[in-house]
> 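Before I ask anything, let me first share the structure, which is written out below as structure tokens.
Sequence lines set the chain letters: A, B, ... in the order given, protein chains first and strands last, and positions in each chain run from 1.
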Amino acid sequence: MIGSYSGKLLSALLRSCVRRPWPLIHGQILHANFLKVGFFPSHPSVSNALFHMYAAVGLPSEALLAFRHHVTSPTTLDFTALLSAYLRSSLPYETLRIFFFSHSNNSCPLPDGVTMTVVFTAAAKLTDLTSGILAHLIVVKRGVVLGVVARNSAMDMYVKCAAMVDARKMFDEIEESERSVVSWSVLLWGVLKWDGLICGKEVFDKMAMKNQVAWSLMASAYIENGLPKKAMEILTEMAGVSDDNLNHISVCSLLSACALVGDVTVVRWVHAYVVKVRMLVLNQEHDDWDNDASIMVGSSLIDVYAKCGRIEIARRLFEKMAVKNIVTWNTMLSGLALHGLVNETERLFSQMITNQIVPDDISFVGLLSAYSRSGHMKSDWKCFHKLMTDHGVTPKMEHYACIVDGLGRAGRLVEAEALVKEMPFRPNEVILGSLISSCCLYGKVEMGRRMMEELLHLDPHNTEYHILMSNMYASSGNQCKANNLRQGLKNRGFRKVPGVSYISIDRCIHRFSAGDKSHPQTPEVYAMLDEMIFRLSSATGYPTSPTTRDAEEEEREEALFSHSERLALAFGLISTKPGTPLHIFKNIRICRNCHAVIKLVSDLYQREITVRDRNRFHCFKLGFCSCLDYW
DNA sequence: ATAGGGTTAG
């Protein structure tokens with residue numbers, strides 16, 4: 001029957017498939033019918049349409065097959081469509097491979113600006129400067145003319161690869177009248193990221209046209225640099241000058257910056273904003289709003305509240321959201337896990353199942369990390385394995401990492417190591433690092449040494465675990481080996497990541513490092529610290545001296561008595577009214593000693609203190625911590 | 001066939 005149609009009609013039919021709701025099904029039925037009647041290879045226009053159908057619906061390998069077999073003399077447009085299909089399916093590596101391979105083979109048509117845009121974008125995604133430069137050389141050598149869009153994408157490639165000299169050169173080469181708002185925002189992104197806030201602000205001020213992207217980039221940069229007040233100024237300025245309001249992407253970008261630094265100042269403003277402009281609608285009373293955007297913004301808010309220590313607000317928001325997707329559920333799961341709330345995480349997971357939400361691999365990372373962070377390794381790996389495969393999820397390295405961490409921290413090191421040997425991957429640095437920390441915790445020097453050796457093959461420059469190993473040697477009485485490790489690090493010029501704590505008081509973020517004396521209120525802070533230590537030791541007889549010895553002599557004196565979180569805590573106590581809850585943010589894990597001190601302070605000074613460290617939240621109240629001393 | 005900021009984990 002199909003044989004009676006003309007080639008023109010069939011190709012039109014195929015092209016129309018791309019725009020239908022189920023393009024693939026219709027297109028494939030047509031494809032199958034062509035094959036059945038032996039019709040299609042002889043008609044170039046039909047086979048070309050078939051290739052474009054597969055490219056457009058995002059099936060790159062099907063498109064490649066059709067391209068190879070049926071597109072006899074590809075045009076630039078065909079070739080570009082093929083590359084773009086790979087890029088849109090998040091396969092930037094394949095995109096580059098096909099481009100360079102065909103190019104070296106002389107089997108591709110001369111690329112144009114659009115082709116190069118796709119190639120530069122792929123190199124940018126991979127931060128592959130070598131490929132980017134190579135592509136640029138091909139442009140020059142073959143005399144390809146680049147329009148402003150292609151130049152912007154090349155600039156973005158240089159920016160993402162930290163090659164700011166080349167990026168600026170490209171920017172300068174674009175005629176001033178040609179420069180688009182995208183040229184400017186690409187430059188702004190790079191300058192903010194690589195040259196810092198001050199230089200970025202200069203670029204921002206030079207921008208004649210500012211849009212959502214520019215405003216939110218600038219505001220996010222202020223947030224990430226601990227200047228939420230400045231971010232608010234930018235946002236209010238935006239509202240006054242521009243009719244361009246924030247869209248859901250700008251909102252997510254701002255909120256993720258807030259999540260990074262753990263400050264809620266801007267979050268509150270954004271929350272009010274999205275409710276006001278009805279970007280976030282909790283109940284479905286109208287259908288004239290953007291469902292996807294609302295879910296995305298809602299999930300983003302849940303995430304940021306959880307990461308800023310406001311888990312109750314996050315939970316309330318989650319419950320109020322009438323429409324959710326898998327990301328919303330996963331965000332809530334990992335938020336609860338971050339706070340060590342195992343039972344709640346478990347409950348939410350079963351609620352997910354009863355609501356017929358199909359959990360994905362990230363849901364399981366959430367659930368498993370709740371177990372590992374709380375030390376509640378109730379079931380063994382076999383049960384989890386079954387649970388996962390029952391829901392169609394294949395266990396990945398991350399899942400093993402959670403279990404290994406949980407077993408190790410619970411002192412079940414033999415089981416942990418057995419699991420590592422049994423898993424179908426070679427352990428990565430996350431897994432080995434977790435085992436080393438557990439060995440440290442339980443003084444298993446010999447096993448720690450073995451793991452360390454394996455880790456050094458993968459990551460010879462790792463500083464963190466050298467320090468851990470050195471501490472382990474020190475506490476097992478082998479001061480000599482400990483010093484050797486430290487000295488080796490020092491000789492190679494590696495330094496320990498310094499611990500930094502932040503506390504937000506009255507919309508300003510105050511930063512403290514260990515032994516820090518740079519804060520304007522340093523005398524008051526240290527006076528408070530002394531008072532704190534005095535009250536603690538007289539009230540409890542608590543020994544405030546270190547339990548693990550720090551081999552670096554100059555650090556030993558000050559470090560433990562003035563760890564950054566204690567300074568932040570002292571500052572918080574003198575800067576707020578009695579009873580005000582305090583939120584502290586720390587870049588590395590909290591140490592046992594400080595943990596003990598903060599527990600006592602929460603009781604003696606009647607304060608709720610929330611500390612976010614690199615691993616999880618600790619909520620201190622009346623002398624107890626929500627982690628129940630397990631982390 | 002084409003550029004910039006974006007939610008979940010490790």
> With a 4.0 Å cut-off on heavy atoms, is Ser300(A) in touch with a base, just the backbone sugar-phosphate, or nothing at all?
sugar-phosphate

> Using a heavy-atom cut-off of under 4.0 Å over every strand shown, decide if Lys160(A) touches base, sugar-phosphate, or nothing.
sugar-phosphate

> Would you mind classifying the nucleic acid contact of Val327(A) as base, sugar-phosphate or nothing, using non-hydrogen atoms under 4.0 angstrom?
base

> List the steps, then state whether side chain to side chain contact (heavy atoms under 4.5 Å, CB included) holds for Trp329(A) with Lys324(A).
CA-CA 7 Å; Trp329(A) 285 87; Lys324(A) 308 174 175 93; 3.8 Å; yes

> With sugar-phosphate meaning primed atoms plus P, OP1 and OP2, does Thr115(A) contact a base, only sugar-phosphate, or nothing at under 4.0 Å between heavy atoms?
nothing

> Would you classify Lys193(A) as touching base, sugar-phosphate or nothing, given that sugar-phosphate means primed atoms plus P, OP1 and OP2, and contacts are heavy atoms under 4.0 Å?
nothing

> Please identify which of these residues, Tyr93(A), Phe100(A), Phe101(A), meets the side chain to side chain contact (heavy atoms under 4.5 Å, CB included) condition with Arg97(A).
Tyr93(A)

> NA contact type, Val149(A), heavy-atom cut-off 4.0 Å: base, sugar-phosphate, or nothing?
base

> Checking all strands, does Asp360(A) fall into the base, sugar-phosphate, or nothing category for heavy-atom contacts under 4.0 angstrom?
nothing

> Can you sort out which residues in residues 75-90 of chain A have a heavy atom within less than 4.0 Å of DNA chain B? Ascending by number, please.
Leu77(A), Thr80(A), Ser84(A)

> For residues 394-404 of chain A, which residue pairs qualify under side-chain hydrogen bond (donor to acceptor under 3.5 Å, both in side chains), counting only residues two or more places apart or in two chains?
Asp361(A)-Lys396(A)

> Out of the candidates Arg316(A), Glu344(A), Met332(A), only one should pair with Ile311(A) under the side chain to side chain contact (heavy atoms under 4.5 Å, CB included) rule; please name it.
Met332(A)

> Identify whether the distance between the nearest side-chain nitrogen and carboxylate oxygen of Lys201(A) and Asp205(A) falls below 4.0 Å.
yes

> Measure across Arg612(A) and Ala259(A) and return the closest heavy-atom pair with its distance rounded to 0.1 Å.
NH1-O, 2.7 Å

> Walking along DNA chain B from 5' to 3', note the first and the last nucleotide with an atom under 4.0 Å from a heavy atom of chain A, and give both.
dA1(B) to dG10(B)

> Going through the distances and angles, do Ser180(A) and Ser183(A) end up as a side chain to side chain donor-acceptor pair (under 3.5 Å)?
CA-CA 5 Å; Ser180(A) 67; Ser183(A) 322; 3.3 Å; yes

> With sequence neighbours left out, write down each residue that passes side-chain hydrogen bond (donor to acceptor under 3.5 Å, both in side chains) with Tyr158(A), or none if nothing qualifies.
His136(A)

> Under the rule for ring pair (Phe, Tyr, Trp, His ring centres under 6.0 Å), what residues qualify as partners of Phe79(A), not counting sequence neighbours?
none

> Tell me whether the rings of His391(A) and Phe349(A) are parallel (<30°), tilted (30 to 60°) or perpendicular (>60°).
perpendicular

> What residues from residues 361-370 of chain A pass a heavy-atom cutoff of under 4.0 Å to DNA chain B?
Ile362(A), Val365(A), Ser369(A)

> Apply the test side chain to side chain donor-acceptor pair (under 3.5 Å) to residues Asn325(A) and Thr328(A): give CA-CA distance (whole Å), side-chain angles for both, the deciding distance (0.1 Å), then the verdict.
CA-CA 5 Å; Asn325(A) 65 11; Thr328(A) 322; 2.9 Å; yes

